[in-house]
> 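Would you mind keeping the following structure in view while I ask a few things?
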Amino acid sequence: MSTTPQLSVQALLWTGHSLKVLDQRLLPEHIHYDEYQDGPGVAAAIRAMQVRGAPAIGIAAAYGVVLSVQQHFPAADWQSRVAADIATLAASRPTAVNLFWALDQLRQLLAENPVEPLSAVTELAINIHQEDLLANQAMGERGADILGDAKAVLTHCNAGALATGGYGTALGVIRSAYQRGKLESIYADETRPWLQGARLTAWELAQDGIPVTLLADSAAAWLMKTGQIDWIIVGADRIAANGDVANKIGTYSLAVLAKYHGVKLMVAAPSSTFDFSLADGSGIEIEQRDSQELLHKIYLDEHSRVTAWNPVFDVTPAALITAIVTERGSVINPGLHGVKSLAL
Ligand SMILES: CSC[C@H]1O[C@H](OP(=O)(O)O)[C@H](O)[C@@H]1O
């Protein structure tokens, strides 16, 4: 397994009786953890994007269920109270399927262990966390194999250690490829409006001593036109059965630009990101967030007549994707072959 450096700062820290959440809204200026002892508190942290990133919010939700069981078991009505907390966690954000995958795993285990649930759910949540790190390291090596001698890559948003159980998905591929001495140029776009690229990816790679060049989202087309970008590498929040991918807003425009400029597009995501209940991406719910995320530093007058449209994900058709890489395998040209071969 790769011995590449990985971010020493972790998005989530489980204490056994609480979950410490790195508040990613404060990075890169401040490294600050908030501590939660209940499920609704974790749900609020996910909703507020203190913790974000598809795998990371699934892991956080799993610990949220453990905290709920710790709080309510063995009261007579513990199962209904825990079910209510699970519903609150499920309502925190709609697009990343990893959240619902994790909650389904915990729900099933609770149903199978009604007498002594606590040790079983605690073990499962910790396992989901640890397995995600191992999956990312395996995915990183697999993706680096596909990159081969590629020298320059562009990534979007943050699909790094901060968005996962560690090491990262897209950034895991970049970490593994950089360790092999192949990558010469790594570009990260800022990823408006939440700036996951500028505030999180650039910071994360710099912490590992990996050189990274930041650019405005609107500069990506000119970089592809004038630079020698070989691959765009991104994460995912939900992948439909035909290989359509929901990811951070701006991914679709990069995919269209990549097709025009002959740049390859890799999606790196763990198996928990697939939603085979959806035939294609048209059924993926796209989260709309508060318009203030766009307006808050510009239009300060609460009576301003300016509104904002703030979808925070989009869907990239499988036909625009060159490779989908998971810890279990990869598919080249998913638009031709689908992704059923990657099913768990
Ligand atoms: C491996 S992270 C996957 C995915 O999650 C991010 O969204 P957000 O920051 O809003 O949680 C982004 O879409 C990443 O690519």
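In listed order, ligands and their atoms are each counted from 1. One-based numbering along the sequence shown.
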> Considering residues, nucleotides and ligands other than Gln37, do more than 12 of their heavy atoms fall under 6.0 Å from its CD?
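Enclosed: over 12 neighbouring heavy atoms sit under 6.0 Å from CD of Gln37.
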> Mark yes when over 12 heavy atoms from residues, nucleotides or ligands other than Glu35 sit less than 6.0 Å from its CD; otherwise mark no.
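Yes, CD of Glu35 has more than 12 neighbouring heavy atoms, counting only those of other groups under 6.0 Å.
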> For a side chain to side chain donor-acceptor pair (under 3.5 Å) check, start with the C-alpha distance between Asn247 and Arg238, then their side-chain angles and the critical distance, and finish with the verdict.
CA-CA 7 Å; Asn247 194 52; Arg238 193 180 295 240; over 6 Å; no
> Under a 3.5 Å threshold, I'd like every N/O contact between ligand 1 and protein atoms, with atom names and distance.
unit_1   : atom_1 : unit_2 : atom_2 : d
ligand 1 : 5 (O)  : Ala54  : N      : 3.4
ligand 1 : 5 (O)  : Asp237 : OD2    : 3.1
ligand 1 : 9 (O)  : Arg52  : NE     : 2.9
ligand 1 : 9 (O)  : Arg52  : NH2    : 3.2
ligand 1 : 9 (O)  : Gln196 : NE2    : 3.0
ligand 1 : 10 (O) : Arg93  : NH2    : 2.8
ligand 1 : 10 (O) : Lys248 : NZ     : 2.7
ligand 1 : 11 (O) : Gly53  : N      : 2.8
ligand 1 : 11 (O) : Arg93  : NH1    : 2.9
ligand 1 : 13 (O) : Asp237 : OD1    : 2.6
ligand 1 : 13 (O) : Asn247 : OD1    : 3.3
ligand 1 : 13 (O) : Lys248 : N      : 3.1
ligand 1 : 15 (O) : Asn247 : OD1    : 2.6

> Just checking, Arg199 and Trp194: is the charged tip under 6.0 Å from the six-membered ring centre and within 45° of the axis?
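Verdict for Trp194: a cation-pi partner in Arg199.
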> Check step by step if side chain to side chain contact (heavy atoms under 4.5 Å, CB included) holds for Ile86 and Leu110.
CA-CA 11 Å; Ile86 290 175; Leu110 284 170; 4.1 Å; yes
> Identify, with sequence neighbours excluded, every residue that meets side-chain hydrogen bond (donor to acceptor under 3.5 Å, both in side chains) alongside Arg81.
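Asp77.
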